[in-house]
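The structure appears below as structure tokens.
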There are 2 protein chains.
Amino acid sequence: MSVSTENFLKNIYLLNQEGQSPVTSSLLAEKLNVSVAAVTDMARKMGKQGVLDYKPYRSLVLSEAGQKLALKVIRKHRLWELFLHKVLEMDLMTVHEEAERLEHHTSDKLMEQMYKYLDKPDFDPHGDPIPGGDGIIPSEKGVRSLSELKEGGRCLIRKLRYRHQETSEMYERYGIEKDMVFKIKKVFSFDGSIELESGEGETITISRKLADNIFCTEEENVSK
Amino acid sequence: MSVSTENFLKNIYLLNQEGQSPVTSSLLAEKLNVSVAAVTDMARKMGKQGVLDYKPYRSLVLSEAGQKLALKVIRKHRLWELFLHKVLEMDLMTVHEEAERLEHHTSDKLMEQMYKYLDKPDFDPHGDPIPGGDGIIPSEKGVRSLSELKEGGRCLIRKLRYRHQETSEMYERYGIEKDMVFKIKKVFSFDGSIELESGEGETITISRKLADNIFCTEEENVSK
DNA sequence: ACCACAAATTAAGCTTACTTAAAAAAAAGA
DNA sequence: TCTTTTTTTTAAGTAAGCTTAATTTGTGGT
């Protein structure tokens, strides 16, 4: 697997997700910044390798194997983004460019170490889901950890993660449930704890660690 | 700068350090696992680029510029080794292989973030010095931080780092000086603090943070 | 100083990942 | 349906980074 082939697979997968339309050679060529002829060339080769269901003049469709490989690259990319952002405090712009290169030079072992170090995260700092080692995608785009949000915003709870035994008990005590809307009143930089106000006007303060396990989307105009 | 050229420069530099002999094409070819012809080819190109003082049938000598580039690659390599080892808890074998790839895909910005995160380290986990951003090499090979050593070993203090205001005061209180020999009695995994026994039989316990600033060589047969 | 031999260079050729330009196929309009 | 336009493929060529084989150059032994 060369850098080129990895990018080829990854971008077919991403274009598939983004647009509703089938992935054409010209579309991919533009995204990869190469000529259309180069895409055709690659596509034929990858068809032979069995990662692409290649048929001339037809749209580009990944095979089962190709999809797995694409997800692995995306997993590495998003883990790097999160790692560089959270651990090395790099900004979101930089982080993408770095990940774009590092994703192709990261062993599976290193990838799993990062995954563990980050405490098995589900989303990258842009809110995109990090595919699992098994190739399963946690959830839809735009969802991010509650602990990533800034003061003043409103959020809609999308997913609660029950990893530790005590989390479900804590959700219950605080009265946190899926589909609730909260306003972020204050983020304490000292320990990362977050003060939330529910739709009913109740105010609660939860720890950073707990917020890590709550996933939500940012809401501008919440009707309710 | 391609991966090939970076490896070319890096290995000329390393061979220079290792052996007393001048770096020949065949020596470098063996280290890089390529043919001698490939080395000649590269050498001519790099001569034109000004990173190598190339003359046919003569040994390979880096130019000023080439040396700087080589040191930068080595800096990245050793920072990665230390980072992967200390932060992601990867073993020394793996760490080298990973660094061998990552070193070529790391921006200067990322490199400096790692450097800061690691608290401006001087040595990699193998005890090799990490060249500074300015290209200055901190010290000789084999030296490593006292905090890297394992229980039961003996060490010879080679260098004390005075970065923080209080460190010199602490060295004085504990009676730690250059050229002293210590035996590592115990390493407390709880907080990383280390119990040391001096040659005179005195026992002291220092913190992990302090040990980070003490550099030593491991000694097998200490005559004294 | 000469000769043999080891080491370095040159020459020719290969693969990967591209390029541009021409040809072929599919899609779209009337 | 037929033609025009768009898209894709094929063909030919390039640069980097290698290979092996043949040639050239420097050097150590006598």
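Side chains are part of it too, since the values below use all heavy atoms of this structure and drop only hydrogens, waters and symmetry mates. In what follows, every chain begins at residue 1, and chains take the letters A, B, ... in the order their sequences are listed.
- To the nearest angstrom, C1' of dT7(D) lies 19 Å from NZ of Lys55(A).
- The separation between Leu60(A) atom CG and dT7(D) atom C1' is 12 Å, rounded to whole Å.
- Classified by interplanar angle (parallel below 30°, tilted 30° to 60°, perpendicular above 60°), the ring pair His105(B)/His105(A) is parallel.
- For CD of Glu18(B), the number of neighbouring non-hydrogen atoms (other residues, nucleotides, ligands) closer than 6.0 Å is greater than 12.
- Identified under the side chain to side chain donor-acceptor pair (under 3.5 Å) test for residues 47-56 of chain A, with sequence neighbours left out: none.
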**Request:** Could you encode protein contacts along nucleotides 10-23 of chain D as a string, one character per nucleotide from 5' to 3', using B for base contact, S for sugar-phosphate-only contact and - for no contact, with a heavy-atom cut-off of under 4.0 Å?
**Result:** B------SSBB---

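- With His96(B) as the fixed residue, the side-chain hydrogen bond (donor to acceptor under 3.5 Å, both in side chains) test singles out one of His77(B), His126(B), His85(B): His77(B).
- For His104(B), there are no ring-ring contact (aromatic ring centres under 6.0 Å, His included) partners, not counting sequence neighbours.
- Considering only side-chain N and O atoms, Ser26(B) lies under 4.0 angstrom from the phosphate OP1 or OP2 of dA8(C).
- Computed from coordinates, the Leu28(B) CG to dA7(C) P distance equals 15 Å when rounded to whole Å.
- Residue Lys31(B) places its NZ atom among more than 12 non-hydrogen atoms of other residues, nucleotides or ligands, all under 6.0 Å distant.
- Distance Phe8(A) CZ to dT16(C) P: 15 Å, rounded to the nearest Å.
- Separating the CZ atom of Arg58(A) from the P atom of dA24(C) is a distance of 21 Å, rounded to the nearest angstrom.
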